[in-house]
Amino acid sequence: MNTLAPLPIRPAGPLRRAAEVALWLDCRHISRDAADRARAEAAHTVHDMLPPAPGGASPERLSAAGVAVAGPVHGLVGYRRLMRRLRSEAAASRLTRPVAVEYPIHAVDARVNARLDWIGGCEAKAMRFRAGIAGAHLLYDALRRELRSPDWVRATDRGVPAPYLLWSTRPRSGPDRGAEYAGRCLFPGTAVALSPEALRTFALHGVVTGPTAVDLVEARRVVGVLEWFGIHLGALDVTAARGTTSG
């Protein structure tokens, strides 16, 4: 089934958040007035906001707090390409503001789900809504190892801000899905961007006791099963450019 089970109502009181995880408000798909109201409502919960898109195309996307939002990336291939560019800019001291690398969990699931539905069969459909979370775990592990490399250590020692991952969760299937994504991606040092509706659901139902544990065993299992179906999770950025979700 694609629907989520009803979430329990959490006890009354302030929302507990995992340490070192920032909650952002994703207002890119609503009006400026609606975004201002949503941010005022969530002022004590969120750390930053993705504002409504400006009228013209901009070479740099900025959060309300001035964080540069890079990407989005949908897999390891796109992530590594972007990190090479950021590493080059860091080496030349051209990174002057924090950078959040966006990974849209819902978009990864949508692409993989569409391919699985086209393949058909119970085995394929059993893998729906697994790709996005698996990819998030793999990217988080990759970034942790990347930032321990000599190039990034030298850059951060010079005061260059290290990039971090931004999980965007705006799904078309409703706020429950966004709240579920958020609860499964509370990795220390990252940020989670929720639509106003998903943030309300997360605040109402979420019981956060600590950060999400990285599960590389399960993530790699998902990758292996998807590859059996001809879907290469790490290369979704490449295959998207070709107009398909398979490798």
Side-chain angles (χ1 to χ4, degrees), residues 4 7 9-10 12-74 78 82 86 95-111 132-133 135-136 139 161 163-208 212:
L4 296 175
L7 297 171
I9 303 297
R10 73 177 184 87
L15 176 65
R16 290 180 293 164
R17 294 175 295 194
E20 300 180 17
V21 181
L23 286 179
W24 289 23
L25 193 61
D26 189 347
C27 295
R28 290 176 292 186
H29 303 279
I30 61 178
S31 69
R32 174 65 64 179
D33 288 344
D36 290 341
R37 289 194 298 271
R39 192 174 191 188
E41 176 186 333
H44 300 294
T45 303
V46 299
H47 298 80
D48 204 344
M49 181 179 78
L50 294 170
S58 173
E60 184 177 40
R61 297 181 299 154
L62 297 178
S63 74
V67 176
V69 180
V73 299
H74 300 85
L82 175 57
L86 294 178
L95 284 184
T96 58
R97 66 169 77 241
V99 177
V101 177
E102 182 183 5
Y103 173 79
I105 307 172
H106 60 284
V108 172
D109 270 347
R111 291 181 182 183
I133 295 298
L139 283 188
Y164 58 92
L165 287 162
L166 170 66
W167 318 112
S168 59
T169 64
R170 180 179 170 83
R172 296 182 178 179
S173 51
D176 279 4
R177 182 73 66 185
E180 183 198 33
Y181 283 144
R184 298 177 67 186
C185 286
L186 296 174
F187 299 108
T190 69
V192 180
L194 290 156
S195 69
E197 297 83 3
L199 181 64
R200 293 186 196 105
T201 299
F202 183 68
L204 181 63
H205 300 289
V207 180
V208 180
T212 303

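Heavy atoms only: backbone and side chains are in, while hydrogens, waters and symmetry mates are out. In what follows, residues are counted from 1 in the order of the sequence shown.
- Proximity of V99 to P161: side-chain heavy atoms (C-beta onward) are nowhere separated by under 4.5 Å.
- Here Y103 contributes atom OH and T190 contributes atom OG1; the two are 13.0 Å apart, rounded to the nearest 0.5 Å.
- Here the side chains of P72 and R61 are in contact, with some heavy-atom distance below 4.5 Å.
- Annotation: side chain of V101 is in contact with side chain of L86 (closest heavy-atom distance under 4.5 Å).
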Going through the checks in order, is the side chain to side chain contact (heavy atoms under 4.5 Å, CB included) test met by L165 and F187? CA-CA 9 Å; L165 287 162; F187 299 108; over 6 Å; no
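- Here the CG atom belonging to L194 is positioned 7.0 Å from the CZ atom belonging to F202, to the nearest 0.5 angstrom.
- Summarising the geometry of L62 relative to A68, their closest heavy-atom pair is CD2-CA, 3.8 Å, with the distance given to 0.1 Å.
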Stepwise side chain to side chain contact (heavy atoms under 4.5 Å, CB included) test for V73 and L139: CA-CA 10 Å; V73 299; L139 283 188; 4.2 Å; yes
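- With values rounded to the nearest 0.5 angstrom, R37 atom CZ is found 6.0 Å from S31 atom OG.
- Of all heavy-atom pairs between A100 and L166, the closest is CB-CB, 3.9 Å.
- Note: T169 OG1 to D109 CG = 11.5 Å, rounded to the nearest 0.5 Å.
- Contact check for C27 versus P51: no side-chain heavy atoms found under the 4.5 Å cut-off.
- In this structure, CG in L50 is found 5.0 Å from CG in D26, a value given to the nearest 0.5 Å.
- To the nearest 0.5 Å, atoms CG (L23) and CG (D48) are separated by 11.5 Å.
- When all heavy atoms of V69 and S63 are compared, the pair lying nearest together is CG2-N, 4.4 Å.
- For the pair P196 and E41, the minimum side-chain heavy-atom distance is 4.5 Å or more.
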